[in-house]
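Heavy atoms only: backbone and side chains are in, while hydrogens, waters and symmetry mates are out. Along the sequence shown, residues are numbered consecutively beginning with 1.
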Amino acid sequence: MEWLLISNGYDIPTYHTSFIYYNYVKPLFNLCGYPYRLKCNYDLPIVQDFLELNLTQEINPDDLAKIIQKEKIELIFEIYNNTPNTAIAQYIDENRGSKVPIFGLNVGDNISNVPQYFDEHWQLNKDIPIALFTPHYPYQNLEKKYDITYVGSQTPEKARVLMEIKQSGFNLNLWGSGWERYSQLRDLAQGYLPHREYVKTVAKSKILLNFNHSSSKQSLELGALKAFQLDGYGENLIEKIEFYLNNEPERRKWIEESESRFGDVSNEHFFIDVEEKIKKYIPLFTVDNVRYPDFKYNEDKVTVICHVYNGEKYLEQMIISVLGQSYKNIELYILDDGSTDGTAAIVAKYLQDKRLSYEYQNNMGGGLDAFDLLAEKCMSRVNAKYVIHIGGDDILYPNRVLDGLKIFETYPDVEICYGNAKNIRDAGAVCGSSIGLPEEFRKDFPTEEMPRTLISGTFINQPSVMLKSSTVHELGGFQTPFSADLFFWNSVAGYSPYKYSDAPCVLYRHHEKGSSTGVLESSQEKRAHSTANVVSMLKYLRYRSGILRYYPEIRSANSKNELLYQAYIDLSIRATHYIFVPEIVYVNAKCAHDINPYGLEAMNHLLLAYKFAGLNSMVDRLLSFIHQNIDVLKSQNRFDYFISIVEKIVSTPQEETSTYQFYSYIMRLEEDADLFSIIR
């Protein structure tokens, strides 16, 4: 069916949307297929105190009416937080005779408001409780590793409480975005948690702090994890923390009472017969393709997934290479995204092989713009233990699957195996490796170094990857509005063990019409679009990730300030290796400058960011600081070179400050100094 999702950001699993995503959005995808989505604009202003994510959704009633008519929408589903989209309400008011059911889900603080519909125009009874699925948690009995945990975004009031807890000497575990702006919490800020890691962290915590005035919408999740929580705004918090840390029986008693208190509400609003309710009240839903979150994998089966559009030129070579693998317990699923050429006829030649399945759908989108939706739909068909995702123009080496299985057998903890992909031209000529990582680092590359290395540029080729299916599902999948595969590798880096296989695994074809290689080799407009997507991705990742995500070794350091300063400078430099991202340069330089106001490197980076943004008043302010503290600065090594860089920044026109060549002058200061000996 064709349906429209208006989610205001809830269709992306983050630390603060994971409950909604996994209980409502993801099962909706499984029930109804993938929707037409109104995209959010990810606008990251260049210079603020720190990067803030501004999620806006531009929609008006006329646009909504056009989308409904053009896409033949049969159902609209909106997830809102207490306040519905005004355009929806106006559309309803102006189109009272519309036959399109509009289903609204309020995910506000009060659990009694979760199953709520606006009015009679929605063609649904607002008193009907509705639910999809409850999450599956295999982590209830983990050892309590952390004393106190808070997962959530920053506010000044929360920061005040958390700083008091830290100063009292308690072991505080802090996750979420924005905490780096507080210097006293910077060494604790660990950034974003994927859902799997979130539930593990909660299950390992003795005390979970809650800063929601009404936390009932999270109570089921916490109850499933046997989690004990304290009100962060409560009176005598420090005394309560000390009491409950030393009294496990009291924590257990609270958990049991909490489960009993919310039991009736849970049954009414969540544990209902979802299929019967949907069939009765929303007949347009189908349940043929429902797959529960805790589905079982077939032992050692490998599924190769491929979404293709007009791929007749190369598709047969891909099919032969997959079905001809030396390892036979495989299946190939091909999703045809509305091809108008001979793609279907080519697939038909091989359908006698029962390991091949084929599905045709109306075109969802061109090239990379719909990669996330296509990849997620393919993944919804996977019930094998391992998965490989390739393009219709790529070719697998005959032992690719077998070589990958050997890696997983040899290293049981590994979840992602990437390999030695070879680039080929249109006609098939091999033209080098696509792994952009020095050979000496490939085989034993530490998982903890992945996040900071990927900031400098990706060295993971999508078709070269073989991974556990559970990793994709549990870590959020390919849900993102930009560079979905790059975003996934960056998001899971540091959470899932990677392993490199030097055995050749795939021939990755470069040609004019390729969904990714074509973008890079065709028009200037397409290249600019691709670059903008990567920049947006890097900014978003830096927004939600603390410095400890990139440099986890700092956690165990005795003296953290020096290492923190070095790490911020290093990450600032890495933000120029692949694409110049001034926002990341700024945020890291600002953090470094807060730690050491006399740090030459931090001042150079700040000057560059201010100059690039055209903030001349900030440039003048920093120059004044340098002049006022000239005697202190002169005592440092490389001061003369520092001054020469300052002069170059000041004298260079603003439009020239974004070039890599210019930034390389600043990099020399760090390269010549013994600055990163501890980090590197």
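Between the side chains of Gln154 and Tyr182, at least one donor-acceptor pair of N or O atoms lies under 3.5 Å. No hydrogens or angles considered: nothing links the side chains of Gln654 and Asn616 as a donor-acceptor pair under 3.5 Å. Between the side chains of Tyr565 and Glu601, at least one donor N or O sits under 3.5 Å from an acceptor N or O. Side-chain contact of Ser624 with Gln628: a donor-acceptor pair under 3.5 Å is present, judged by distance alone.
With a 4.5 Å cut-off on side-chain heavy atoms, Val492 and Tyr498 count as touching. Counting only heavy atoms from C-beta outward, the side chains of Lys158 and Val161 never approach each other to under 4.5 Å. Side-chain contact check for Ile165 versus Leu209: some heavy-atom pair is nearer than 4.5 Å. Contact of the Ile238 side chain with the Phe170 side chain is registered, since non-hydrogen atoms from C-beta on lie closer than 4.5 Å.
Ring geometry for Tyr418 versus Tyr500: interplanar angle of 30 to 60°, hence tilted. Between Tyr233 and Phe211, the ring-plane angle classifies as perpendicular under the 30° and 60° cut-offs.
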Go through Tyr550 and Leu541 one step at a time and tell me if the side-chain contact (heavy atoms from CB on, under 4.5 Å) criterion holds. CA-CA 11 Å; Tyr550 299 103; Leu541 285 167; 4.2 Å; yes

Evaluate the side-chain contact (heavy atoms from CB on, under 4.5 Å) criterion for residues Glu164 and Leu237: first the C-alpha distance (whole Å), next the side-chain angles of each, then the deciding distance (0.1 Å), finally the verdict. CA-CA 10 Å; Glu164 182 181 355; Leu237 178 61; over 6 Å; no

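For Glu553 and Arg452, the salt-bridge test passes: some basic side-chain N is under 4.0 Å from an acidic carboxylate O. With respect to Lys240 and Glu250, no salt bridge is recorded, no charged nitrogen being found less than 4.0 Å from a carboxylate O.
Side chain of Lys611 to main chain of Val619: no donor-acceptor pair is present (N/O by atom type, distance under 3.5 Å, no hydrogens or angles).
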